[in-house]
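All values reported here derive from a predicted model rather than from experimental measurement. Reminder, nothing fancy here: chain letters follow the sequence lines and each chain counts from 1.
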Amino acid sequence: MSAIKYELLHVCKQSGARLGRLHTPHGVIETPIFMPVGTQATVKTLSPEELKMMNAQIILSNTYHLWLQPGDDIIKEAGGLHEFMQWDRPILTDSGGFQVFSLSNLRKITEEGVYFRHHKSGEQLFLSPEKAIQIQNNLGSDIMMSFDECVELPAEYNYVKQSVERTTRWAERGLKAHKNEKSQALFGIVQGGDFPDLRKMSATELVKLDFPGYSIGGLSVGESKETMYRTIEFTIPYLPTDKPRYLMGVGSSDALIEGSIRGIDMFDCVLPTRIARHGTAMTSHGRIVIKNKQYERDFTPLDHECECYTCKNYTRAYLRHLIKAEETFGQRLISYHNVFFLIRLMENVRQAIKENRLLDYRDEFFAKYGFSDPTNSRQF
RNA sequence: GGAGGGGUAGCGAAGUGGCUAAACGCGGCAGACUGUAAAUCUGCUCCCUGUGGGUUCGGCGGUUCGAAACCGUCCCCCUCCA
């Protein structure tokens, strides 16, 4: 009895993309979907009300960060993460596996788990597959991730092979440690770098363990878009069609569309909120760096075709001013717009799947975006 | 009127004979950002431009092989005493 249930509603006749519904303890989400990231129990600068206004259906949070601060025991005592942060819709938590990658110079991997050195205090920390599950059980997320190693690309075949085997063993250990199977679903994470046989091995071994959903990890970590798409293509066939597939850490608009076409159901990414804070907006006509001088006297909206709160009320000149003056309101307005933009994009993708025209939609979107070279991610 | 301190690139501020077109900070202009060590990081910022050239350190005139730095003089600013 799994805590979640995936319902495949329709397959796009033109592209093969999947339209679905994922039933979770905190509600139903429509897939393919983009999940905004709220690492420290908040999507940076945005309130739960604002996320609801833009129709965010599920958000992501992080085991590693909440374990260190404020501590998962405190969140459990608060009544769980939903209650603690006042978000009553579904939450997915990452396991800390990405921190094995992003904090690579501060950690040491062993079979038992990973030793981290706290980046500020220098304190010695240890995270294991069991510990990651226990923390997520305390957080009470709807969907939890197995503790994995996210390997940087390019990588040595032999290293990736032993890493994948270890990640699979860790997944099995996590499954055994999981206490709340009825209220929380645990996903397995497929690794294997850009090697077809290792991805196959990873996927088939995890599928044997019968997880309620599968993530594809280890992508968007330095490889080309071409490699990423190819890797998705040769991984997906080994995943069951009656379970959700989650492509971890991917959130540029082109990759959301291309991923959906290849059968991905869920995406998450810090990109929209991070670049917003740094003064860049995603628009239907391409990325614009709002802090650039050319917008100094531009009294038009960020995106003429956008209906978000920011675009309905404020000008580029004002947003540029706020960002340059380091006013947090500017970061909020652009974060709001960027997340809205990706959520709306996925609504359009779902509609296109329903109408069996996702490939046409992709071409229209790319043409308008000013996208000419599909291997050049910089335009997104 | 007397005593002292100071004038360096858009601003602040190092530098007191060659390694200085001149540290550093700010500002400015660009770029990056993909399961968030990220309101962060990187580059450029006298002029023309090729890893080449041309003009600079208040003005003018000297000393020296060589000066932003030493000397003379003029201009301007600040502090204290009258």
Side-chain angles (χ1 to χ4, degrees), chain A residues 34-45 58-66 68-69 91-107 116-123 125 132 136 141 143-153 187 189-191 215-225 228 246-256 258-259 264 266-282 287 289-296 320 322-335 338 342 377-380:
Chain A
F34 174 74
M35 308 182 283
V37 178
T39 303
Q40 308 213 64
T42 170
V43 176
K44 289 189 194 299
T45 80
I58 172 172
I59 62 171
L60 196 109
S61 200
N62 192 294
T63 298
Y64 180 84
H65 300 258
L66 296 178
L68 296 183
Q69 190 178 50
I91 296 175
L92 181 152
T93 44
D94 185 27
S95 60
F98 186 71
Q99 279 61 50
V100 177
F101 161 80
S102 66
L103 305 179
S104 60
N105 53 334
L106 295 170
R107 54 76 169 149
F116 291 94
R117 192 160 286 288
H118 190 106
H119 65 98
K120 275 184 178 169
S121 66
E123 181 190 358
L125 305 162
Q136 293 181 86
S141 50
I143 300 172
M144 323 192 302
M145 289 299 122
S146 296
F147 189 56
D148 67 328
E149 180 191 357
C150 178
V151 178
E152 185 174 9
L153 290 177
F187 280 27
I189 303 178
V190 179
Q191 289 288 346
S215 306
I216 298 178
L219 290 178
S220 221
V221 287
E223 81 287 4
S224 68
K225 289 251 153 124
M228 178 169 88
Y246 161 31
L247 178 58
M248 307 183 81
V250 169
S252 59
S253 43
D254 58 330
L256 294 182
E258 295 288 0
I264 300 294
M266 304 161 73
F267 304 85
D268 79 284
C269 198
V270 305
L271 194 65
T273 46
R274 180 179 292 170
I275 67 175
R277 273 176 276 124
H278 301 160
T280 297
M282 298 167 161
R287 257 159 85 149
V289 182
I290 199 64
K291 65 184 169 185
N292 283 184
K293 192 174 181 63
Q294 68 181 115
Y295 304 111
E296 195 175 28
R320 170 178 141 96
L322 292 180
I323 289 294
K324 290 196 69 75
E326 295 179 54
E327 284 293 342
T328 54
F329 189 46
Q331 303 181 337
R332 293 189 54 212
L333 288 174
I334 300 173
S335 293
N338 282 352
L342 293 185
S377 60
R378 295 174 62 197
Q379 297 170 55
F380 285 83

**Report entry** Under 4.0 Å protein heavy-atom contacts per nucleotide of nucleotides 35-44 of chain B, with B for base, S for backbone only and - for none
**Finding:** BBBBBB----
Report summary line: Partner of B:A67 under the Watson-Crick or G-U wobble criteria, both distances under 3.5 Å, comes out as none
Report task. Mind checking side-chain contact (heavy atoms from CB on, under 4.5 Å) for A:His65 and listing every partner two or more places apart, or none if nothing turns up? Result -> A:Thr39, A:Gln40, A:Asn62, A:Gln99
Below 3.5 Å, can you tabulate the donor-acceptor pairs from side chains in residues 215-223 of chain A to any protein atom, sequence neighbours excluded?
unit_1, atom_1, unit_2, atom_2, d
A:Glu223, OE1, A:Ser220, N, 3.2
A:Glu223, OE1, A:Val221, N, 2.8
A:Glu223, OE2, A:Ser220, N, 2.5

Query raised in the report: Should A:Pro272 and A:Met282 count as side-chain neighbours, where that means a heavy-atom distance under 4.5 Å?
Result: yes
Query raised in the report: At under 4.0 Å between heavy atoms, what does A:Thr280 touch on the DNA or RNA strands: base, sugar-phosphate, or nothing?
Result: base
Query raised in the report: If the P atom of B:U45 is compared with that of B:G25, how far apart are they to the nearest Å?
Result: 14 Å
Report task. For B:G31, take OP1 and OP2 only and decide whether either is under 4.0 Å from a side-chain N or O of A:Arg287. Result -> no
Report task. Please list, chain by chain and in numerical order, all residues satisfying ring pair (Phe, Tyr, Trp, His ring centres under 6.0 Å) with A:Tyr64, sequence neighbours excluded. Result -> A:Phe116
Query raised in the report: What residues, two or more places apart in sequence or in another chain, satisfy side chain to side chain donor-acceptor pair (under 3.5 Å) together with A:Asp94?
Result: none
Requested in this report: Check whether more than 12 heavy atoms from other residues, nucleotides or ligands sit under 6.0 Å from atom CD of A:Gln294, and answer yes or no.
Outcome: yes
Query raised in the report: What does B:G17 pair with, Watson-Crick or G-U, if both distances are under 3.5 Å?
Result: none
Report task. With a 3.5 angstrom cut-off on both distances, give the Watson-Crick or G-U wobble partner of B:A82, or none if there isn't one. Result -> none
Requested in this report: If B:U36 has a Watson-Crick or G-U wobble mate with both distances under 3.5 Å, name it; if not, just say none.
Outcome: none
Report task. Using the P atom as the reference point in each nucleotide, state the distance between B:G27 and B:C80 in Å, no decimals. Result -> 32 Å
Query raised in the report: What is the base-pairing partner of B:U73, counting Watson-Crick and G-U wobble geometry with both distances under 3.5 Å?
Result: B:G59
Query raised in the report: Looking only at atom P, what distance separates B:G28 and B:G10, rounded to whole Å?
Result: 16 Å
Report summary line: Checking N1-N3 plus N6-O4 or O6-N4 for Watson-Crick, or N1-O2 and O6-N3 for wobble, each under 3.5 Å, the partner of B:A30 is B:U42
Query raised in the report: What pairs with A:Phe98 under ring pair (Phe, Tyr, Trp, His ring centres under 6.0 Å), at least two apart in sequence or on another chain?
Result: A:Phe101
Report task. If B:U49 has a Watson-Crick or G-U wobble mate with both distances under 3.5 Å, name it; if not, just say none. Result -> none
Query raised in the report: Do the side-chain N or O atoms of A:Asn292 get closer than 4.0 angstrom to the phosphate oxygens (OP1, OP2) of B:A30?
Result: yes
